[in-house]
> 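Submitted below is the structure of interest, expressed as structure tokens.
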Amino acid sequence: MLNYIIRRILYALPILVGVNLITFTLFFVVNTPDDMARMQLGIKRVTPEAIAKWKQERGYDQPLMFNNAEEGLEKLTRTIFFEKSVAMFAFRFGHADDGRDIAYEIRTRMLPSLAIALPVFVLGLIVYITFALTMVFFRATYVDFWGVVLCVALMSISSLFYIIGGQFLISKLWHLVPISGYGQGLDSAKFLVLPVIIGVISAAGANTRWYRTLFLEEMGKDYVRTARAKGLPESAVLFRHVLQNALIPILTGAVVVIPLLFLGSLIVESFFGIPGLGSYTIDAINSQDFAVVRVMVFLGSLLYIVGLILTDISYTLVDPRIRLE
Amino acid sequence: MSFKPVILWTDALVYVLVAVIVIFAWQVRRHEHLLAPWRRVGHSASGMAALTILMFFIVIGLLDTIHLRPAIENGNGGSEAAYGVEVLSLLDLLATPLRTQVETTYSAPFATHLYARETVELPGGGQVREFPRLKFGGAHLQDPETQLFGDIATRAGTGAGLALLLWFLIATSVTAIVAHCRGERFVSTLSTIWQGITPVPWRAVFVTLALILLLGGAALALCSDYHILGTDKVGQDVFYQSLKSIRTGLLIGTLTTLMMLPFALLLGVAAGYFRGWVDDLIQYLYTTLSSIPGVLLIAATVLMMQVYMETHPELFDTIAARADLRLLFLCVILGVTSWTGLCRLLRGETLKLREMEYIQAAHAFGVSHWRIISRHIIPNVMHIVLITTVMDFSGLVLAEAVLSYVGVGVDPSTISFGTMINAARLEMAREPMVWWALFAAFTFMFALVLSANLFADAVQSAFDPRMKTLSALARTWRRKSIGKSA
């Protein structure tokens with residue numbers, strides 16, 4: 001087991017290197033630091049001194065890959081590639097445009113993001129599985145048909161509508177919870193209720209429909225027929241046998257996103273003023289803070305790869321038939 | 001009036017897309033085995049109703065795709081005609097009253113007065129703060145308070161009546177054609193359609209058509225004299241903006257797939273077919289790309305594209321060309337981030353196919369790799385491509401709105417559902433509230449995405465019978481109810 005995990009992590013390294021190369025190419029090769037400086041300082045009246053100062057402030061005043069001005073190993077290390085891209089493997093993220101330490105920001109903003117994303121994830125799984133099971137229990141009846149119709153309709157509504165509509169209805173019209181903001185400790189609960197509910201609803205259509213398909217696929221298998229043949233009632237077949245077996249693909253499919261929960265949701269956080277990583281990313285995009293966006297891309301793929309590894313491990317934990325080689 | 005046709009990049013690609021679809025349809029018509037699943041699509045009531053709605057969207061989108069630059073009228077009648085820098089589409093020309101009747105600020109749907117008080121100079125001197133009359137909306141009315149309702153009712157009634165007449169003509173001629181093809185009498189065909197027991201669900205199509213035509217006819221009769229969906233902050237007609245957004249939505253949904261398809265198809269099939277180091281390389285490529293969360297990759301790429309376009313202004317000559325190029329880039333970027341899923345599916349299917357006996361036989365006969373791939377493998381994975389394409393469409397339309405909100409979507413000068421929502425997002429919090437711009441954007445988007453989803457559902461259940469889709473459910477259900485009544 002440990003052997004497998006180590007090997008799996010070693011396999012993940014080339015992918016991270018690839019991601020790193022992609023971001024490096026995107027941020028420094030497609031557009032040189034000069035271009036970025038010109039863009040940020042305004043296209044028209046920009047002096048070479050201003051560009052040089054901008055680059056020096058951010059540490060972009062070095063050659064891209066190879067520094068001929070230095071000696072020995074520094075030829076390689078005193079470059080943008082080493083100091084900006086390779087350094088990310090050591091979690092040295094540098095500073096944002098406003099001078100703050102990106103690593104510190106990420107650490108403090110992770111919790112608010114998680115405070116929304118984790119309840120959405122757990123509550124969502126429970127709600128979707130419950131609805132999907134209900135539809136499967138009443139399969140090929142009015143309940144099932146209109147359930148799927150509802151799912152398709154829910155899928156067709158923009159997530160922005162849920163947020164804007166929810167804020168309007170619940171916060172502005174009924175004054176049940178504050179429109180946006182974030183508090184400390186238990187106080188934050190009243191801010192979190194609405195975003196969590198909206199988060200669950202906005203993904204309800206697609207997920208419920210998907211889980212319904214998984215359950216129905218499971219219903220067609222031989223062991224279900226055997227269970228029925230030995231006279232089990234339909235509810236026992238569904239809840240004891242089908243549910244347990246269909247949970248394997250559902251749970252292992254969900255494991256992938258667990259690490260990504262730290263990143264939060266871009267849209268929900270920015271609408272509700274939650275000081276999490278999602279709104280951090282949006283702010284960085286709007287103020288064209290390239291350093292932050294670069295770090296978020298790296299962090300996102302790192303967490304995704306961690307999720308993939310966790311998925312593989314979770315397979316062996318829930319399904320004894322799968323052995324890791 | 002003379003004009004100079006303009007073909008923007010996306011226009012050209014739309015023409016390519018239309019050509020591809022026409023060739024594809026012609027191919028399908030000639031081969032019975034390709035036609036069979038499409039016939040199943042044609043027998044799905046929800047799918048056909050959705051297709052009817054989609055057709056209207058597509059017609060509006062295509063009208064909006066034919067671009068031209070009208071000549072500027074100059075008095076001396078010189079030999080050189082001068083063309084304006086403004087690029088207009090056929091839809092713009094048809095909707096000239098909508099485009100040019102710009103008020104000063106917000107006005108509610110069907111309003112005759114502005115939504116905000118303004119200081120008005122009285123003719124005898126002095127000023128009052130009041131809601132001034134609109135310059136265009138209901139301007140023909142002498143006394144809006146008494147005439148407004150009656151005028152709207154008569155106009156809407158006339159429009160709807162004409163639309164009903166058109167519907168009657170279409171329905172009759174379609175019924176006549178169906179009757180002729182089936183060699184029946186007109187009346188008996190009519191009664192089978194009425195009972196809803198024709199294989200092609202004409203009743204559903206006719207009902208949908210009637211609804212669209214009634215709405216469309218009334219809207220058409222009213223829109224030149226009223227702002228039927230109100231005006232936005234700068235006085236632009238919201239109905240016009242909604243119509244223009246359709247093209248952007250359709251483009252994002254279709255061109256993205258068109259862009260990524262060659263890569264996904266070639267790489268996916270090559271990985272599955274050649275295996276070995278080719279497979280390793282391609283797998284590495286798509287695992288790396290797919291491990292970056294989509295929104296972040298798109299955001300990073302769009303940011304860099306913005307920098308590139310700011311520093312290279314020589315690439316485009318008009319504002320329209322610039323906005324168009326940005327739209328195209330966005331499609332390419334969306335394509336790059338979304339091709340990995342399809343690529344993985346195709347690789348898996350090819351791995352299965354290459355072990356089939358007929359491929360082994362082709363190998364034994366010494367058929368070249370290229371020929372095996374193009375003649376035997378690609379035609380057999382096309383159903384996956386098709387299903388993915390129609391399934392992705394609605395997701396892409398929805399994604400556009402979100403991306404525009406994040407600030408990495410289409411150019412701010414391009415009218416799209418995303419830019420409409422983005423511009424109007426604070427209007428619900430305003431006092432008094434302005435709801436119509438958001439309402440219009442969300443309603444149009446919902447209609448487009450819902451019909452796309454229903455059509456995708458029908459296509460999926462026709463091409464992949466294992467999927468427990470809505471259409472499949474409706475089919476078994478209908479059979480059951482028919483069986484019960486029989």
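Here is the naming used below: chain letters follow the sequence lines, and residue numbers restart at 1 for every chain.
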> Can you name the side-chain hydrogen bond (donor to acceptor under 3.5 Å, both in side chains) partners of B/Ser404, sequence neighbours left out?
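B/Glu400.
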> Could you tell me which non-hydrogen atom of B/Ser291 sits nearest to which non-hydrogen atom of A/Val19, and how far apart they are?
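Here B/Ser291 and A/Val19 meet closest at OG-CG2, 3.5 Å.
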> Can you tell which part of B/Leu438 gets under 4.5 Å to a heavy atom of chain A, answering side chain, backbone, both or neither?
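Side chain only.
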> With a 4.5 angstrom heavy-atom cut-off, which part of B/Val295 approaches chain A: side chain, backbone, both or neither?
side chain
> Does A/Phe89 have more than 12 heavy atoms from other residues, nucleotides or ligands lying within 6.0 Å of its CZ?
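More than 12 within 6.0 Å, yes.
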> Is it the backbone or the side chain of A/Ile164 that comes under 4.5 Å from a heavy atom of chain B, or both, or neither?
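Interface part for A/Ile164: side chain.
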> Return the CD to CZ distance between A/Gln167 and B/Arg425, rounded to the nearest 0.5 Å.
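The CZ atom of B/Arg425 is 11.0 Å from CD of A/Gln167, to the nearest 0.5 Å.
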> Quick one: of A/Leu160, A/Ile285, A/Val293, who has the most non-hydrogen atom pairs under 4.5 Å with chain B?
A/Leu160
> Tell me whether the rings of A/Phe161 and B/Phe442 are parallel (<30°), tilted (30 to 60°) or perpendicular (>60°).
perpendicular
> Output the distance between atom CG (A/Asp289) and atom CG (B/Leu303), rounded to the nearest 0.5 Å.
9.5 Å
> List in chain and number order the residues that pass salt bridge (Lys or Arg N to Asp or Glu O under 4.0 Å) with B/Lys233, two or more places apart in sequence or in another chain; answer none if no residue qualifies.
none
> If you count heavy-atom pairs under 4.5 Å with chain B, which of A/Ile267, A/Leu16, A/Ile282 comes out on top?
A/Ile267
> Can you tell me if A/Phe131 has over 12 outside heavy atoms packed within less than 6.0 Å of its CZ?
no
> Given heavy-atom pairs under 4.5 angstrom as the criterion, report whether the side chain, backbone, both or neither of A/Phe27 touches chain B.
both
> Is there a side-chain contact between A/Ile22 and B/Leu289 in this structure, where contact means two heavy atoms from C-beta onward sitting under 4.5 Å apart?
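In short, these two side chains touch, coming nearer than 4.5 Å.
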> Any non-hydrogen side-chain atom of B/Val402 less than 4.5 Å from a side-chain atom of A/Leu266?
no
> So, for B/Val406 and A/Asn286, which heavy atoms are closest and what is the spacing to 0.1 Å?
O-OD1, 3.3 Å
> Given that the side chain runs from C-beta out, which part of B/Tyr308 has a heavy atom under 4.5 Å from chain A: side chain, backbone, both or neither?
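B/Tyr308 touches chain A through backbone and side-chain heavy atoms alike.
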> Side chain, backbone, both or neither: which part of B/Val307 has an atom under 4.5 Å from a heavy atom of chain A?
both
> So which heavy atom on A/Val297 is nearest to which on B/Ala300, and how close?
CG2-CB, 4.1 Å
> Evaluate the side-chain proximity of A/Leu263 to B/Leu296: yes if any heavy-atom separation is below 4.5 Å, no if none is.
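Yes; the side chains approach each other to less than 4.5 Å.
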> Which answer fits B/Phe446, side chain, backbone, both or neither, if we ask what part of it has an atom under 4.5 Å from a heavy atom of chain A?
both
> Chain A heavy atoms under 4.5 Å from B/Ser394: which part of the residue, side chain, backbone, both or neither?
neither
> Given heavy-atom pairs under 4.5 angstrom as the criterion, report whether the side chain, backbone, both or neither of A/Phe168 touches chain B.
side chain
> Checking heavy atoms, do the side chain of B/Ile292, its backbone, both or neither come under 4.5 Å from chain A?
both
> For A/Leu26, which atoms come within 4.5 Å of any heavy atom of chain B: side chain, backbone, both, or neither?
both
> I need the minimum non-hydrogen distance between B/Tyr405 and A/Ser270, along with the two atoms involved.
OH-OG, 2.9 Å
> Taking all non-hydrogen atoms of both residues into account, name the closest pair between B/Asn453 and A/Ser156 and its distance.
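Closest pair (atom of B/Asn453, atom of A/Ser156, distance): ND2-OG, 2.9 Å.
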> Between the side chains of A/Tyr304 and B/Ser290, is a donor N or O closer than 3.5 angstrom to an acceptor N or O?
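Side-chain D/A pair, A/Tyr304 to B/Ser290: absent.
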> Examine whether an atom of A/Ile163 lies under 4.5 Å from a heavy atom of chain B, and if so say whether it belongs to the side chain, the backbone or both; otherwise answer neither.
neither
> Would you say the side chain of B/Asp457 lies within less than 4.5 Å of the side chain of A/Arg209, judging by non-hydrogen atoms?
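Answer yes - side chains close enough.
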> Do you know the tightest heavy-atom contact between A/Ser158 and B/Leu398?
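Looks like CA-CD2, 3.7 Å.
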